[in-house]
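This report concerns only the one structure given below.
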Amino acid sequence: MSLSRFFNNRNTLGAVFMVPAGLILLVFLTYPLGLGTWLGFTDAKIGRAGEWVGFENFTFLFGDSVARLSLFNTLFYTIVASIIKFVFGLWLALLLNKTLPFQAFVRAVVLLPFIVPTALSALAFWWLYDAQFSVLSWALVKMGLIDNYITFLGDPWLARGSVVAANIWRGVPFVAITLLAGLQTISPSLYEAASLDGATEWQKFWHVTLPMLTPIIAVVMTFSVLFTFTDFQLIYVLTRGGPLNATHLMATLSFQRAILGGALGEGAALATAMVPFLLAAILFSYFGLQRRAWQQGGSDK
Amino acid sequence: MASVTLSQVRKSFGSTPVVLGVDIEIADGEFCVLVGPSGCGKSTLLRMIAGLEEISGGDIRIGTRVVNNVPPKERDIAMVFQNYALYPHMTVYENMAFSLRLAKAPKEEMERRVDEAARVLGLVEYLGRYPRQLSGGQRQRVAMGRAIVRKPQVFLFDEPLSNLDAKLRVQMRTEIKELHQRLKTTSIYVTHDQIEAMTMADKIVVMNAGVTEQIGSPLDLYDNPANLFVAGFIGSPAMNFLPGKITAAGIAIGADIHLPMPANNLAEPGREVIVGVRPEHLAVADDGVPAEVVVVEPTGADTQIFCKMAGVEITAVVRERHDFKPGTAVRLRPELTYIFEPASGRRLA
């Protein structure tokens, strides 16, 4: 009797229903994140529990040229790939928003790179970039544009460009489809009003489409930056960080140091060092782009 | 300001014809209302005048210029949309100034014109707000302000009041009419509400199924409907229709009811007709036609009496107060009748 009343109480029931989700978050998110952060402040190695060493790992990494290179690589990779993904994704979304023949089919095809497992598409890119069997080199040679095969993944800057290109290919569909969803929420009558107001196509884009799309751009670009900044699979399959650490990202270097190198504390510190950058990206999008006065109803301003 | 002339304008979406050859002449400064039931093609017609829909056939002239292939922005027209279509990310001021900004108008002139429009519409204190922070009626005024600042040749209104509540609708109706009397800009107004049409228009175009049924002044349409459709559409409550037959003595409705022949009698005896009587032309009188009261709805100023006459539901509107109960037998005398041909709907008398 009292048990059934206990379970009929709104608040108790709410708490009970939240327990499984709370447990999952605690065990699989909070605990690893906490442990990782903790490890970053210890000198733990594989097979040996760590002692607290304070900021020693971080000061060491700050002086480590490879760690600094990985930070540069990560920023380069994130900034270049995100900007191109945004421009290309927006262009694709605008294109897909027009009435096209086989509309549903075309939209489905655009999503393909997103649904193929990254490891698989990375393997395909590995073939495309191969020093001997590259289709790209072959095609360029046959067209008479170059004489020798390009070693895409052999030269530091070529390798950086190549992994950025692979990341763009993989990331554009997410940006395009999300922005397309945003475009479809813009009322067609706004464009009609703008044409009567005398706007050209370009002015309609600049004064109507873009401002109306900023909230969704903020969200999609935050996600895109987070995914790109923390990318691991693509690099690990394509280059493993080479040549000469030229494509090592913080995530891949952290894995190499901690798991392959056994320096758990150092690797964890490197991973922890990514957090401030990610937080900064989220805060920028939240305060800079997402909360616009025109979206807030009601109050006088 | 300019006149607008439509000649044999047609529109089809794919193989579905929507507007089937419409001729309308709207004089300079006239307030013309296109009215009709949903799907009659009135909004499509307005959008064709605006240039938002292509014209499948015929000519549209603004002034003397044929604008069939002129893009919307070069037609010098302004439109008020049903959902207002205000730019949500712009303030009221920016919304109203947008067209002038695109036209690269000098800043002082832009400010002067927006200010003038805001004063006319009572929007001065809202200029810094965003559309989301306004009520429905205020948004409606901003939409009109956006049209006014342009000083266009023609105003187009696409059911602008249908998103407002009943009271505000009546108020805005008057405001729009006042505005027109002040600015005297040629206006074309689309609505499905015949009361809006009657109260606002200089000229009403009644449309049905893609054709114009009748064009005329509000009272002209009320007094002289050309056919069954116009007779039933204009006037509220709607005209009563009773099937009848011409006899030597007059018109017989059912076995028992005989009405005198209207003066200009053209129909031969034995012919089937439809008799139309407006509710306000039925009077309670001892020499009237017998009917049975079904429902009585007093509105204060007058009383609507729903009755059954010769098996047909009819409505009467009377000014005087009667103590009728459902089931009471009454006698109603038609003061004015219209006679229509059943097949074509054409008015005979």
Side-chain angles (χ1 to χ4, degrees), chain A residues 90 93-94 97-103 178-179 181-221 285-301, chain B residues 43 46-47 49-53 70-92 94-105 125-135 139 142-143 146-147 149-150 152-156 158-160 163:
Chain A
L90 182 58
L94 289 170
N97 199 31
K98 302 234 182 272
T99 326
L100 298 169
F102 310 108
Q103 198 154 10
T178 318
L179 292 184
L183 283 176
Q184 286 175 339
T185 65
I186 302 177
S187 161
S189 61
L190 287 185
Y191 293 109
E192 294 178 349
S195 2
L196 288 167
D197 274 339
T200 60
E201 287 300 311
W202 168 250
Q203 284 168 326
K204 279 186 228 171
F205 172 75
W206 189 251
H207 294 293
V208 179
T209 311
L210 214 51
M212 294 292 289
L213 217 50
T214 36
I216 201 124
I217 289 175
V219 175
V220 73
M221 287 321 291
S285 109
Y286 188 69
F287 288 109
L289 298 169
Q290 225 163 325
R291 300 201 312 168
R292 287 294 169 98
W294 59 267
Q295 294 175 282
Q296 329 271 317
S299 67
D300 291 32
K301 267 183 198 158
Chain B
S43 278
L46 191 77
R47 292 169 58 81
I49 299 170
L52 299 171
E53 298 282 356
V70 177
K73 62 181 183 123
E74 283 159 31
R75 292 192 185 193
D76 198 12
I77 42 177
M79 184 157 166
V80 176
F81 291 81
Q82 183 174 5
N83 62 1
Y84 318 139
L86 300 177
Y87 309 115
H89 56 288
M90 296 183 196
T91 61
V92 169
E94 288 166 337
N95 262 287
M96 285 172 35
F98 188 57
S99 61
L100 298 177
R101 204 172 120 205
L102 292 178
K104 300 205 164 61
E125 54 195 304
Y126 303 109
L127 283 176
R129 292 208 200 174
Y130 289 98
R132 263 184 93 133
Q133 300 166 323
L134 302 176
S135 69
R139 287 181 206 183
V142 178
R146 189 166 66 175
V149 292
R150 303 229 341 246
Q153 306 242 32
V154 183
F155 283 133
L156 306 178
D158 187 9
E159 309 213 16
N163 286 349

For [X], which atoms come within 4.5 Å of any heavy atom of chain A: side chain, backbone, both, or neither?
{"X": "R47(B)", "answer": "side chain"}
{"X": "I77(B)", "answer": "both"}
{"X": "L86(B)", "answer": "backbone"}
{"X": "A103(B)", "answer": "neither"}

Worksheet entry | side chain to side chain donor-acceptor pair (under 3.5 Å) partners for S43(B), two or more places apart |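 S43(B): side chain to side chain donor-acceptor pair (under 3.5 Å) contacts with D158(B).
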
Item to complete: Check the side chains of T209(A) and Y191(A) for a donor-acceptor pair under 3.5 angstrom, ignoring hydrogens and angles.
Response: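 Y191(A) vs T209(A): donor-acceptor pair found between side chains.
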
Fill in: Portion of Q203(A) that has a non-hydrogen atom of chain B nearer than 4.5 angstrom
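The answer is the side chain of Q203(A).
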
Worksheet item: What part of S195(A) is in contact with chain B, defined as an atom under 4.5 angstrom from a non-hydrogen atom: side chain, backbone, both or neither?
Response: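 For S195(A), the contact with chain B is made by backbone and side chain together.
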
Worksheet item: Considering all heavy atoms of both residues, which atom of V149(B) and which atom of S99(B) are nearest to each other, and what is their separation?
Response: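 Nearest heavy atoms, V149(B) then S99(B): CG2-OG, 4.4 Å.
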
Discussion item. Suppose we screen for ring pair (Phe, Tyr, Trp, His ring centres under 6.0 Å). Which residues come up paired with F98(B), at least two apart in sequence or across chains?
Written reply: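 Testing F98(B) for ring pair (Phe, Tyr, Trp, His ring centres under 6.0 Å), a comparison that skips the adjacent residues, returns H207(A), Y87(B).
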
Worksheet item: Are R150(B) and D197(A) within salt-bridge range, i.e. N to O under 4.0 Å?
Response: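 Yes, R150(B) and D197(A) are salt-bridged.
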
Discussion item. So which residue, A194(A), A193(A), P188(A), ends up with the most heavy-atom pairs under 4.5 Å with chain B?
Written reply: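 When all of A194(A), A193(A), P188(A) are compared, A193(A) has the most.
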
